[in-house]
Amino acid sequence: MAADLGPRAMFVAGGTDLFPKLKRRQFEVETLIGLDFLSREIRNGSNECIVGAGVTLATASHDAHLNERFAGYAEAAGLVSSPPLRNAGTAGGNLCVDTRCNYYDMTYEWRKAAGFCMKKDGDICLVAPSSSRCWAVSSSDTAPMAIALDGVVSLTGPDGERELPVAALYRDDGMDYMAKQPSEVVTSLRLPADPTTRTAYVKLRRRGSIDFPIAGAAVAVQLDGDEVVGCRIVLSAVASHPLEATAAEEFLKGKRVQADTIRETADIAAKPAKPLDNADLSHFWRKRMVRVVVEQALAEATTRTPGSTVKLLGRNPD
Ligand SMILES: Cc1cc2nc3c(=O)[nH]c(=O)nc-3n(C[C@H](O)[C@H](O)[C@H](O)COP(=O)(O)OP(=O)(O)OC[C@H]3O[C@@H](n4cnc5c(N)ncnc54)[C@H](O)[C@@H]3O)c2cc1C
Ligand code: SF4
């Protein structure tokens with residue numbers, strides 16, 4: 001159906017992002033293709049965990065195995081929006097959620113008064129008028145964590161099934177932000193298990209009860225004693241795709257976990273983040289806070305004992 005209808009149709013899972021955007025006429029489609037049939041099962045194997053794309057974020061955030069083995073993922077799922085939206089929003093929908101911008105996530109009438117922008121109905125970027133591209137912000141909480149964990153998605157489309165690393169699922173483009181074919185459905189997320197990996201996700205937003213991230217850090221660290229043998233640091237909400245801080249990862253590898261090393265790593269991680277004036281609060285402040293969320297996430301991950309249930313600190317009460 002999706003291949004036949006092309007841009008006249010969209011998939012809907014929980015609808016928590018899609019329905020408000022339909023109301024604001026950010027999407028104008030004739031047909032919605034429901035994804036109710038997607039698996040709502042979390043399958044735990046010794047080497048991996050497979051999260052069905054239909055699993056709700058509430059289920060993922062409370063799942064005992066995810067909390068024990070992939071604490072950062074459960075934490076990120078538990079920090080998405082609000083309890084009612086997590087009861088409906090799905091793991092697959094969160095990986096595919098639209099990029100955001102203050103000039104785009106507005107009603108039709110507001111956008112019309114502002115003159116529209118190239119992401120919908122217009123032809124210029126209102127944030128960076130001389131730019132030929134859209135800088136809308138990747139705002140998924142779980143995508144950076146899935147990348148840090150080396151996650152792989154299963155995709156099903158008209159040409160059959162395939163797997164794709166989550167890191168390869170996104171483009172650095174606010175409009176055409178997904179690298180999969182539009183008619184491909186994300187059917188599951190596979191997280192490879194490594195008993196030496198410790199993870200954490202720290203998110204900054206105005207209201208802890210509901211808002212999208214305005215900066216976030218997903219980290220996965222492998223330790224041998226107190227030496228870092230592997231490290232992934234992926235930033236949320238500072239670019240049009242989840243942004244991996246590769247220079248900081250390289251810097252931390254081989255070092256001992258110490259407060260000053262973590263601080264230095266966080267300084268390096270913040271450098272590639274270039275927030276623009278198109279999300280909540282000042283972009284200068286958001287840029288400064290990237291260092292802080294990375295430092296907090298690294299400190300939290302490196303002090304977590306693998307296999308222990310994650311603390312509920314910073315999590316919404318639900
Ligand atoms: C007030 C508010 C606050 C929010 N806060 C956050 C937040 O803090 N963090 C955050 O990450 N999100 C936030 N969201 C967005 C949304 O609630 C979540 O991202 C949610 O996980 C989306 O999942 P869903 O199943 O509802 O997706 P839907 O709304 O059904 O779909 C979202 C998009 O993904 C596509 N899609 C859905 N499932 C699939 C699939 N399996 N395969 C291919 N395409 C698919 C749809 O076509 C659509 O383009 C917020 C939304 C609102 C309204
Ligand atoms: S970044 Fe520019 S083109 Fe993209 S949604 Fe915002 S104003 Fe529109």
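Each ligand, and each atom within it, is numbered from 1 in the order the structure gives.
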Nearest protein heavy atom with distance in Å, relative to [atom]:
atom: atom 27 (O) of ligand 1; result: Gly93 CA, 3.6 Å
atom: atom 5 (N) of ligand 1; result: Ser81 CB, 3.0 Å
atom: atom 44 (N) of ligand 1; result: Cys96 SG, 3.5 Å
atom: atom 24 (P) of ligand 1; result: Gly14 N, 3.6 Å
atom: atom 26 (O) of ligand 1; result: Thr16 OG1, 2.6 Å
atom: atom 3 (S) of ligand 2; result: Met118 CG, 3.4 Å
atom: atom 28 (P) of ligand 1; result: Gly15 N, 3.5 Å
atom: atom 13 (C) of ligand 1; result: Phe212 CE2, 3.1 Å

Is there a side-chain contact between Ile42 and Ile50 in this structure, where contact means two heavy atoms from C-beta onward sitting under 4.5 Å apart?
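Heavy-atom side-chain distance check fails, nothing below 4.5 Å.
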
From the options [options], select the one whose nearest heavy atom is closest to [atom].
atom: atom 31 (O) of ligand 1; options: Leu155, Leu18, Ile33; answer: Leu18
atom: atom 41 (N) of ligand 1; options: Val97, Val153, Val186; answer: Val186
atom: atom 25 (O) of ligand 1; options: Val55, Asn94, Thr90; answer: Thr90

Return yes when Asp98 approaches ligand 1 closer than 4.0 angstrom through a heavy atom, no otherwise.
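No, Asp98 has no heavy atom closer than 4.0 Å to ligand 1.
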
Under 4.0 angstrom from ligand 1, any heavy atom of Lys203?
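Checking ligand 1 against Lys203, which is what was asked, there is a heavy-atom contact under 4.0 Å.
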
Donor + acceptor pair across side chains of Tyr103, Asn278 (<3.5 Å)
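The criterion, which ignores hydrogens and geometry beyond distance, is not satisfied for Asn278 and Tyr103.
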
Identified salt bridge (Lys or Arg N to Asp or Glu O under 4.0 Å) counterpart of Lys119 within the set Asp98, Asp176, Asp105
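Testing each of Asp98, Asp176, Asp105 against Lys119, the sole residue satisfying salt bridge (Lys or Arg N to Asp or Glu O under 4.0 Å) is Asp98.
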
Using the side-chain hydrogen bond (donor to acceptor under 3.5 Å, both in side chains) rule, collect all pairs that involve residues 254-264, keeping only residues at least two apart or in two chains.
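Listed once each, the pairs are Asp226-Arg256.
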
Do the side chains of Glu295 and Arg291 get close enough for a salt bridge, i.e. N-O under 4.0 angstrom?
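Here Glu295 pairs with Arg291 in a salt bridge, since their nearest N and O are under 4.0 Å apart.
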
Select one of side chain, backbone, both or neither to describe which atoms of [X] lie under 4.0 Å from any atom of ligand 1, heavy atoms only.
X: Leu35; result: side chain
X: Leu85; result: side chain
X: Ser82; result: neither
X: Leu38; result: side chain

Would you say the side-chain atoms of [X] pair up with the backbone N or O of [Y], donor to acceptor, closer than 3.5 Å?
X: Ser140; Y: Asn94; answer: yes
X: Thr99; Y: Gly174; answer: yes
X: Lys287; Y: Lys271; answer: yes
X: Arg304; Y: Arg198; answer: no

Tell me, please, whether Phe212 has Arg100 positioned over its six-membered ring: NZ or CZ under 6.0 Å from the ring centre and within 45 degrees of its axis?
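Positive - Arg100 is close enough to the ring of Phe212 and near enough to its axis.
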
Between Tyr108 and Arg25, is there a cation-pi geometry (under 6.0 Å to ring centre, at most 45° from the normal)?
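Yes, cation above the ring, under 6.0 Å and within 45°.
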
Arg190: salt bridge (charged side-chain N to carboxylate O under 4.0 Å, His left out) partners, not counting sequence neighbours
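Listed in chain order: Glu48, Glu163.
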
Are there any protein N/O/S atoms under 2.8 Å from atom 6 (Fe) of ligand 2, and if so, which?
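Hits for atom 6 (Fe) of ligand 2 below 2.8 Å: Cys101 SG.
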
My understanding is that a hydrophobic cluster links ILVMFWY residues whose side chain heavy atoms are under 4.5 Å apart, including indirect links. Using that, what else belongs to the cluster containing Ile262?
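Direct or chained contacts put Ile262 with Val219, Val221, Leu223, Val228, Ile233, Leu235, Val238, Leu243, Leu252, Val257, Val290, Val294, Leu298.
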
Knowing that exactly one of Arg207, Arg205, Arg206, Arg286 qualifies, which makes a side chain to side chain donor-acceptor pair (under 3.5 Å) with Asp280?
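Result: among Arg207, Arg205, Arg206, Arg286, Arg206 is the only option passing the side chain to side chain donor-acceptor pair (under 3.5 Å) with Asp280.
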
